[in-house]
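Each chain gets a letter, A, B and so on, in the order the sequences are listed, and its residues count up from 1. Because the structure is predicted, anything quoted here is derived from the model rather than measured.
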Protein chains: 2
Amino acid sequence: MANRMEWPAQSGSLETVERATLQEQIYRQLRDRIMSGFFQPGQALSTRSVAEAVGVSVMPVRDALRRLEVENALVVGHNRALEIPRLDIATLSEISATRIALEGLAVERAQPAFVAADIGALKDHCETMSGSIDAGDIDGYLGANWAFHSHIYRRASDGILLSFIESLWLRMGPYFRLTAGDREHLDNAMIIHHDIVGALEKGDAASARSGIVADIEAATGDLTDWLAKDTGSAAAS
Amino acid sequence: MANRMEWPAQSGSLETVERATLQEQIYRQLRDRIMSGFFQPGQALSTRSVAEAVGVSVMPVRDALRRLEVENALVVGHNRALEIPRLDIATLSEISATRIALEGLAVERAQPAFVAADIGALKDHCETMSGSIDAGDIDGYLGANWAFHSHIYRRASDGILLSFIESLWLRMGPYFRLTAGDREHLDNAMIIHHDIVGALEKGDAASARSGIVADIEAATGDLTDWLAKDTGSAAAS
DNA sequence: AAGTGATATGTGTGATCACACTTAGAGTCA
DNA sequence: TGACTCTAAGTGTGATCACACATATCACTT
């Protein structure tokens, strides 16, 4: 009974996306929820519980969960059920270093392909982020933040590199929300974002890369502090 | 009939690995064959054809193929069937840049963890490679080459970073064999490998990284030439 | 002879069932 | 009271079936 999933409201949105396989719809829904921090680290997602929650058979759920497992967004847990992976400092360090390597490469590759419309899109995303911060809308901020970054990376890759970066964000998704409430962190992030836009506007790939690296290191630093503080106090199973 | 798979000899080895799910055994077998260049680029691998070839139902094959699809080792092809992806110059360039970023990072992270036993293992792999070259054993060379590299990367990561690197090798696997027949390429590669071992033995992470980068760039250069020559002559569908 | 339709084949998708395995817990016995 | 066994629930795994869809082939019509 402890594994009973809470699957509020949004469940109906599964029918909205027509013309896609059930497996694809479920995958995308779970993926969005993982990246936006809907699920708690350690929460179990078994095929039957998810299948019952969305009202389909286990087959498409099985495919969706397996896909997420391969992408490192889920790991086998307690009694063979898949669950949201917990993050320790060592793993966070590895993920951060990998993010710097991949996202740094991506922004360098993206810069030559950037046109005025891309700069405009990035500025729009920055506007959305600022507005969400003022409104206290963490979901809005996180969504715009990913839209900002993915717009850049999508100019560098149409395949493998982008899928790797998405996998890393998916892995950190459940934890992004935890540090996104801090105003100081958010203000600093916005400064960095504007620096990145400015660098890309000037065609300065090296500075753009430095900006991305600074953004990743800031997020990693905040999360490292949070993890260190958390492991000291929380003993919840 | 054109999609009829040829599945010679080794098929029996599926039963050798006990204590693993069928899906896992099939995945591993397909994975090894892809990385060693057993399958031709463009060759179709449908669930039913593979299931019939190995003598199981479609379920475990379906899982194994999906996993490989998520890892970019297979792509949806002609009539929705999965097939070995073809490589074009632009994709090769992206893969190469990503390999440099990730494998360069991995060797830098691995260096501090290296001990004498690791150096010895690398030298053993070099011996195997040299012997395979002299014997004209391409499979032996490719296997030892991957063993050499993966031994290094395994000291840097137990998870995400390693899985990304494996995904990239899996993506290039079908093409490795094509340039591995050139003696000049092989001799050059062996020099680089010895340089890498020497750098790691001295604890020189920067030189080790340079060696890895040189190895990747050499392989990429040879394969780029091969692809350019191939697209000029081959018009086979 | 050329276009057009029906048909056969191959494909992934999804549902349902049976099974083996693991784990937690209640029950029983010493 | 403690240790043990047995049972029940929960889990992924694999087989089998039916279905929708895409493609190619062949016969039929014009």
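Between A/His78 and C/dA24, a side-chain N or O to OP1/OP2 separation shorter than 4.0 Å is present. Regarding contacts with the backbone of D/dT11, a side-chain N or O of A/Ser46 is found under 4.0 angstrom from either OP1 or OP2.
For a distance-only test at 3.5 Å, the side chain of A/Arg48 fails to qualify as a donor-acceptor partner of the base of D/dG10.
With sequence neighbours excluded, the residues forming a side chain to side chain donor-acceptor pair (under 3.5 Å) with B/Glu166 are B/Arg31, listed by chain and number. With sequence neighbours excluded, no residue forms a salt bridge (Lys or Arg N to Asp or Glu O under 4.0 Å) with B/Glu217. A search for salt bridge (Lys or Arg N to Asp or Glu O under 4.0 Å) contacts involving B/Asp63 returns A/Arg62, A/Arg66, not counting sequence neighbours. Considering only residues two or more places apart in sequence or on other chains, A/His149 meets the side chain to side chain donor-acceptor pair (under 3.5 Å) condition with A/Asn145, A/Asp215. Remark: A/Arg48 engages no residue in a side chain to side chain donor-acceptor pair (under 3.5 Å) (not counting sequence neighbours).
Aromatic ring pairs are classed by plane angle as parallel below 30°, tilted from 30° to 60° and perpendicular above 60°; the pair B/Trp226 and B/Tyr175 is perpendicular.
Between the P atom of C/dG12 and the CG atom of B/Leu74 lies a distance of 11 Å, rounded to the nearest Å. Here the P atom of nucleotide D/dT13 and the OH atom of B/Tyr27 are 14 Å apart, to the nearest Å. For the pair B/Leu82 CG and C/dG10 C1', the interatomic distance rounds to 14 Å; values are reported in whole Å. What separates CG of B/Asn79 from P of C/dT13 is a distance of 13 Å, to the nearest Å.
Interface residues of residues 57-69 of chain A facing DNA chain C, ordered by number: A/Ser57, A/Val58, A/Met59, A/Pro60; criterion, heavy-atom separation under 4.0 Å.
You'll find that the side chain of B/Leu22 is closest to D/dG14, out of D/dG14, D/dT11, C/dT11.
Comparing A/Arg80 and A/Gln23 against DNA chain C, the residue whose closest nucleotide sits nearer the 5' end is A/Gln23.
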